[in-house]
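Labels below follow one simple rule: chain letters A, B, ... track the order of the sequence lines, proteins then strands, and each chain is numbered from 1. A quick note: this is a predicted structure, and the numbers were derived from the prediction, not measured.
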Protein chains: 2
Amino acid sequence: MTHDTETVQMAHGSGGRLGRELVESVFSSALANNILNRLDDAACLEVQGRLAFTIDGHVVSPLFFPGGDIGRLSVTGTVNDLAVMGATPLYIALGVVIEEGLPLHTLKLITESMRATAGEAKVEVVTGDTKVVERGAADGVFITTSGIGLIPEGVSPSGRGARPGDAVILSGTLGDHGVAILSCRQGLEFDSMLKSDCAPLNSLVREMLAASVRVHAMRDPTRGGLAAALNEIAAASGVAIEIEEETLPVKPSVRAACELFGLDPLLLANEGKLVAFVPEDDAGSVLAAMRSHPLGAEAAIIGRVVDPAAGAGFSGPFRVFARTVLGGLRIIRMPVGEQLPRIC
Amino acid sequence: MTHDTETVQMAHGSGGRLGRELVESVFSSALANNILNRLDDAACLEVQGRLAFTIDGHVVSPLFFPGGDIGRLSVTGTVNDLAVMGATPLYIALGVVIEEGLPLHTLKLITESMRATAGEAKVEVVTGDTKVVERGAADGVFITTSGIGLIPEGVSPSGRGARPGDAVILSGTLGDHGVAILSCRQGLEFDSMLKSDCAPLNSLVREMLAASVRVHAMRDPTRGGLAAALNEIAAASGVAIEIEEETLPVKPSVRAACELFGLDPLLLANEGKLVAFVPEDDAGSVLAAMRSHPLGAEAAIIGRVVDPAAGAGFSGPFRVFARTVLGGLRIIRMPVGEQLPRIC
């Protein structure tokens, strides 16, 4: 085998035979299903009802990290964006931009990871597109995934849906993904303990909605962390949010890494967690449903939604506050930039 | 204004305030509609029926070229992939990967072009995602668009649908896009005559389907040109195709450029053309409908589908042939690579 057959070449990005060979040897063989196999210009789907439609670009560096890789991330990212809208994710479209010279073996590992993750999430990759750019015009591979899901009758969580009185429930520990990426970049000793939480959340959401269809809002706190997710929902819903600092679940290894690098777990990216806003009356049953699911075993009520007009420090330009261990209120600001670039 | 506010920074790719500001100042302001304005993790759509779903990455270099730019291309590419499946394109999802340092002004021009093209095609950009990578980790901007369309009852063109006896109809001249990109890269004198044909074809397809719902197959011959499109459809449909070389419409300026650079118009990319396979009885009415549309004014019947078992040179490994001016048959092979990289 020559070097040329072991890496992606510019001609693999063509509309010709080599382009087709790349698609068939890497993508359509691994991801095969009745719809993808047609390799038409678009997938033809039978869907009836309210759809959720999303897209997410993935540029994570490095491509492989403890607990995941860009393939797994690109499926979970889109699955989770659909799941937090209450949708049952069904179909994924895959857009890949590859840097010339990427080993074919690397691309196959990534595709195998996508296949496994799609199976886990019970979604199908039904259409795709591949482009190749010259060496130095991209960094390895960028993967953009778009997804379609079906929103069941009677379900309508939205970023605008949080209401005063809602309990704020977090599905598990904070910062695992961000610290895993950081440790991997830094080549840290303790990285065996630090794994990304990267996981598809749709089966967790299904259990939550089975416990209560009155889930008002959900979000997966990826880039910008929980701080950004809470600020976005508070602003969109016109409410304030108070969280109890001591209730926030953080793994000891993640806390240690945060202290070492001066990072705030509230700002770190998560790729397998969600925060939900649930009417107080339903919070117990939703929490119990979450805890009975492997991805929600450490779920906790971390705070509540308050009326910003209710006074007690909740008015003004800020909307998210943490009650500290000492009983004071600390403002949780919308982050400005990102602690770690190319986290997803 | 400082330099920092005039270019895209790494922090613009964050989940924080600067990320939100980039989205609002560039994308959601220009592309505003009731669905996009919600800025939820996914767009919520009401769609009933058979859907077409597609995705297309765009890495064209340069970003701006005669007759178009990456913004226009990224909308037309996805609209046309839906249109050739017979679908009415409805919604677009937009995934953007930006290189740090890209002038904000450039990004705004591209977005404005997307807005104009989406208006022309009557589609809405309903959801999106933005990532930023370091200088040198991408080349300017890559745009991946995913699209959803609705396939009307009774319509089912497919790459597998061509049948012996079908007329092969081409909607207009070959190679305009490929030669426009080439001339732009080479800084050629005659580039004022060479413009990309980049255009959304869905209104043309609507007229064609109004003339006959029996259109068996359609394809937009982009990368790989008409040669790749015909070979793909012939293989998928299990047929052979014979085209008449003298009927192929090519602009004199494109032909001149092809002769100068040794390019074959059959292999050049088009971004506003389609080839259709129509039962002989309906070919006249479909052709008339195409010619009455501005994007099909130069439409022509360029050949016919034949049964590969019918002998007369159509058997064997090759499926696409051109009848030359002298009456001989020339094999039109599936291209191996691409004449021009990063053409779309």
Checklist entry - Which is it for A:Val47 and B:Val47 under the side-chain contact (heavy atoms from CB on, under 4.5 Å) test, yes or no, and what are the steps along the way? => result CA-CA 8 Å; A:Val47 183; B:Val47 182; over 6 Å; no
Next on the checklist: Run A:Asp81 and B:Thr127 through side-chain contact (heavy atoms from CB on, under 4.5 Å) and show every step you take.
Outcome noted: CA-CA 11 Å; A:Asp81 278 351; B:Thr127 188; over 6 Å; no
Checklist entry - How far apart are the C-alpha atoms of B:Arg333 and A:Arg17, what are their side-chain angles, what is the distance that settles it, and do they pass the side-chain contact (heavy atoms from CB on, under 4.5 Å) test? => result CA-CA 10 Å; B:Arg333 287 183 172 77; A:Arg17 189 159 55 76; over 6 Å; no
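Atom CD of A:Glu134 is separated from atom CZ of B:Arg342 by 4.5 Å, given to the nearest 0.5 angstrom. To the nearest 0.5 Å, atom OG of residue B:Ser146 and atom CD1 of residue A:Ile148 are 7.0 Å apart. Note: B:Thr222 OG1 to A:Asp41 CG = 7.5 Å, rounded to the nearest 0.5 Å.
The part of A:Val126 that comes within reach of chain B is its side chain, from C-beta onward, which places non-hydrogen atoms under 4.5 angstrom from that chain. Using a 4.5 Å cut-off between heavy atoms, B:Phe53 contacts chain A through both its backbone and its side chain. Looking at B:Ser156, there are no atoms closer than 4.5 Å to chain A (heavy atoms on both sides), in backbone or side chain. Using a 4.5 Å cut-off between heavy atoms, B:Leu267 does not touch chain A at all. Contacts between A:Ile151 and chain B at a heavy-atom distance below 4.5 Å involve the side chain alone, from C-beta outward. Contact of A:Gln339 with chain B is not made at all, since no heavy-atom distance falls under 4.5 Å. Of the atoms belonging to B:Glu99, not a single heavy atom falls under 4.5 Å from chain A.
At distances below 3.5 Å, not a single donor-acceptor pair connects side-chain atoms of A:Arg50 with backbone N or O atoms of B:Cys44. Proximity of a side-chain donor or acceptor of A:Lys131 to a complementary backbone N or O of B:Val59 within less than 3.5 Å is not detected. A:Asp129 contributes no side-chain N or O that, together with a main-chain N or O of B:Ile55, makes up a donor-acceptor pair within less than 3.5 Å. Checked by atom type and distance alone, the side chain of B:Arg223 pairs as donor or acceptor with a backbone atom of A:Gly13 at under 3.5 Å. Although no hydrogens or angles enter the test, the distance criterion places a donor-acceptor pair under 3.5 Å between the side chain of B:Glu338 and the main chain of A:Gly15.
The most heavy-atom pairs under 4.5 Å with chain B, out of A:Ala11, A:Gly57, A:Ala228, come from A:Gly57. Contacts with chain B were tallied for A:Arg38, A:Glu21, A:Met10; A:Arg38 has the most, counting heavy-atom pairs under 4.5 Å.
Closest approach of A:Asp40 to B:Gly159, counting heavy atoms only: OD1-N, 2.9 Å. Nearest heavy-atom pair across B:Phe142 and A:Ala138 is CE1-CB, 4.0 Å.
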